[in-house]
2 protein chains.
Amino acid sequence: MQSRTPAARPGRPRSATADAAILAATREALVELGWSKLTLQDVATRAGVAKTTLYRRWAGKNELVVDAVAELFDELRLPDAGSLAADIEGVVLQFAALLDRPECRSGLMAVVAESTRDEPLRERIRASVVERQKRLVVEGRARAQARGELPPESDPEETARTIDLTFDMVAGAVVHRTLVSGKPADGPWIRSFIRVLLLGLSAPA
Amino acid sequence: MQSRTPAARPGRPRSATADAAILAATREALVELGWSKLTLQDVATRAGVAKTTLYRRWAGKNELVVDAVAELFDELRLPDAGSLAADIEGVVLQFAALLDRPECRSGLMAVVAESTRDEPLRERIRASVVERQKRLVVEGRARAQARGELPPESDPEETARTIDLTFDMVAGAVVHRTLVSGKPADGPWIRSFIRVLLLGLSAPA
DNA sequence: AGCTTTCGCTACGACCCGTAGCGTAATGGC
DNA sequence: GCCATTACGCTACGGGTCGTAGCGAAAGCT
């Protein structure tokens with residue numbers, strides 16, 4: 001994602017091993033210390049590299065944590081469970097498991113908070129974390145429409161709005177349940193959530 | 001909320017004026033600096049008090065910011081607009097306006113992130129911010145059931161679960177839309193959100 | 001008055017930040 | 001193989017914040 005110049009430059013290339021060690025050390029420090037007490041000094045020591053190496057690759061703590069957390073979201077997959085409700089349940093279970101990991105809990109919300117006053121950081125989060133999640137919504141929605149479980153749409157703008165709305169409702173509810181209410185997004189909760197999402201609050205129990 | 005001892009202690013009482021000045025200065029610093037660059041040094045100077053006074057009243061930055069932000073949530077009211085959809089729209093509009101204020105954006109998410117590794121802080125947020133919002137859901141739900149817009153429930157445990165779910169879905173969606181997706185929770189968005197919330201995604205357009 | 005608590009002020013050691021400079025290691029171009 | 005170029009480890013630095021301690025003065029309660 002850095003650019004289209006994989007190795008066009010002369011000179012000694014950057015160590016990919018160091019990159020992986022630094023990101024792993026960052027997650028380790030997030031687990032033990034949390035975001036606010038995490039220092040680049042400490043991360044460098046854990047990773048076995050010099051502090052200056054960190055500053056050569058990342059602008060600061062925020063960018064480093066975004067990259068470290070973003071790797072976790074690579075694991076998200078959309079299972080084909082046969083029905084829309086089952087597909088959503090599968091994805092949300094994975095998402096809830098991610099939010100259960102301490103390196104994700106403390107890191108993700110912190111950088112989102114920072115991104116409210118840092119537009120480049122917001123864009124970095126959008127590209128490496130949010131977009132990866134939203135793609136699952138797009139695929140799941142396409143499948144459901146093909147199965148006739150969701151009403152089709154013709155207007156592309158209306159479709160984009162519906163996808164955005166669905167994404168904000170699903171991700172927002174799970175995040176709020178987990179991090180604000182502080183209760184687990186487990187199977188029973190997810191199923192009642194999906195019922196409301198698909199049928200609405202007005203539907204009888 | 002501190003205890004049942006309003007002025008039972010002898011000696012010089014704490015200055016209520018200083019309290020208000022400190023909380024206002026905290027919000028001002030949040031707007032100008034954001035959470036991560038906010039220092040208690042700076043807040044004390046803005047408020048015209050000594051730094052040591054801050055440490056006598058608050059354990060640290062997190063607790064101070066929670067109290068400063070919590071005051072903003074006092075403004076939330078549940079208007080009686082005649083229908084459930086209109087009531088929700090009124091509340092969500094207020095909530096979106098709150099999240100539009102920079103002192104709220106940067107402060108609220110940051111302390112929520114911190115609360116993932118600080119149980120007392122989580123409880124402080126729950127009591128002074130979350131509970132205040134949830135009460136709006138409880139009232140709105142009661143009104144809607146009285147009007148016959150929502151199915152009644154007999155099991156009190158089931159009722160509590162439904163209220164929690166509704167709260168997480170509403171607050172989560174608005175927060176995610178505003179802070180993660182970075183788009184405004186304006187009138188059109190709110191109305192399409194309410195449609196899905198009440199009728200579900202399966203409902204035809 | 002006398003007691004108690006708060007307040008402003010100063011000072012302190014500890015820590016982290018972000019950068020600079022140096023010598024050395026590793027690679028690509030010739 | 002040689003050289004230019006870049007990455008790396010290391011050390012050191014000024015500047016800033018943290019959280020605490022100690023002091024004398026101020027302000028309220030009884």
Side-chain angles (χ1 to χ4, degrees), chain A residues 2-26 28-30 32-65 67 106 110-111 114 117-118 120-121, chain B residues 2-26 29-30 32-65 106 110-111 114 117-118 120-121:
Chain A
Q2 158 151 281
S3 73
R4 294 296 182 275
T5 49
R9 291 183 304 183
R12 174 180 178 177
R14 288 185 174 172
S15 163
T17 308
D19 252 79
I22 291 170
L23 293 177
T26 303
E28 187 182 317
L30 275 177
E32 294 183 19
L33 306 172
W35 185 84
S36 61
K37 294 188 178 177
L38 177 147
T39 71
L40 297 193
Q41 198 84 264
D42 186 73
V43 171
T45 305
R46 288 174 193 266
V49 301
K51 185 177 62 162
T52 45
T53 300
L54 285 180
Y55 283 100
R56 289 192 188 98
R57 306 187 184 199
W58 287 277
K61 192 206 279 199
N62 292 332
E63 290 77 8
L64 174 62
V65 170
D67 286 7
S106 50
V111 293
E114 289 296 298
R117 345 195 78 253
D118 187 340
L121 184 63
Chain B
Q2 156 153 283
S3 73
R4 293 298 182 275
T5 49
R9 291 183 305 182
R12 174 178 179 179
R14 288 186 173 171
S15 164
T17 308
D19 253 80
I22 291 170
L23 292 177
T26 302
L30 274 176
E32 294 183 18
L33 305 172
W35 185 83
S36 61
K37 294 188 178 178
L38 177 147
T39 72
L40 297 193
Q41 196 85 263
D42 186 71
V43 171
T45 305
R46 287 174 194 266
V49 302
K51 184 178 63 162
T52 45
T53 299
L54 285 179
Y55 281 101
R56 288 193 190 97
R57 306 186 184 198
W58 287 278
K61 192 205 281 198
N62 292 333
E63 290 77 8
L64 174 62
V65 170
S106 50
V111 293
E114 288 297 298
R117 348 194 76 255
D118 186 340
L121 184 64

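All chains are named by letter (A, B, ...) in the order of the sequence lines, taking the proteins before the strands, and each is independently numbered beginning at 1. On a predicted model such as this, the values are computed, not experimentally measured, just so you know.
- Of the two residues near DNA chain C, B:G11 and B:A18, the one whose nearest nucleotide lies more 5' is B:G11.
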Check the pair B:I22 / B:W58 against side-chain contact (heavy atoms from CB on, under 4.5 Å), numbers first and verdict last.
-> CA-CA 11 Å; B:I22 291 170; B:W58 287 278; 3.7 Å; yes
side-chain contact (heavy atoms from CB on, under 4.5 Å) between B:L64 and B:K61, worked out = CA-CA 5 Å; B:L64 174 62; B:K61 192 205 281 198; 5.8 Å; no
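- At the phosphate of C:dG8, OP1 or OP2 sits under 4.0 Å from a side-chain N or O atom of B:T53.
- Place B:A59 and B:R56 on DNA chain D by their nearest nucleotides, and B:A59 ends up nearer the 5' end.
- Look at CG on A:L33: it is 14 Å from P on C:dC15, rounded to the nearest Å.
- Within the nucleic acid shown, B:S15 comes within 4.0 Å of sugar-phosphate atoms alone, with no base atom in reach, counting heavy atoms only.
- The distance from atom CG of A:D42 to atom P of C:dC16 is 8 Å, rounded to the nearest whole Å.
- Separating the CD1 atom of A:I22 from the C1' atom of D:dA7 is a distance of 12 Å, rounded to the nearest angstrom.
- Heavy atoms only, all atoms of each residue included: A:A110 and A:W35 are closest at CB-CG, 3.4 Å.
- Contact of A:K51 with D:dG9 (side chain to base): no donor-acceptor pair of N or O atoms is detected under 3.5 Å.
- Look at CG on B:L64: it is 15 Å from C1' on D:dC18, rounded to the nearest Å.
- Side-chain atoms of B:R14 stay outside donor-acceptor range of the base of D:dG28, with no qualifying N/O pair under 3.5 Å.
- Judged by distance alone with a 3.5 Å cut-off, no donor-acceptor contact links the side chain of B:R12 to the base of C:dT5.
- Between B:T53 atom OG1 and B:L40 atom CG the span is 12.0 Å, to the nearest 0.5 Å.
- At a cut-off of 3.5 angstrom, counting only N and O atoms as typed in the model, there is a donor on one side and an acceptor on the other between the side-chain of A:T52 and the base of D:dC10.
- In this structure, of C:dT4, D:dG19, D:dC8, it is D:dG19 that holds the atom nearest to the side chain of B:Y55.
- With rounding to the nearest 0.5 angstrom, the OG1 atom of B:T26 is 7.0 Å from the CG atom of B:L54.
- Comparing C:dC16, C:dC7, D:dG28 by their nearest atom to the side chain of A:T39 picks out C:dC16.
- Distance B:Q41 CD to D:dT17 P: 6 Å, rounded to the nearest Å.
- The nearest whole Å value for the distance from the CG atom in A:D19 to the P atom in D:dA7 is 12 Å.
- Counting to the nearest Å, the P atom of D:dT20 and the CG atom of B:L54 are 13 Å from each other.
- Nucleotide D:dA7 holds its P atom 9 Å from the CZ atom of A:R57, rounded to whole Å.
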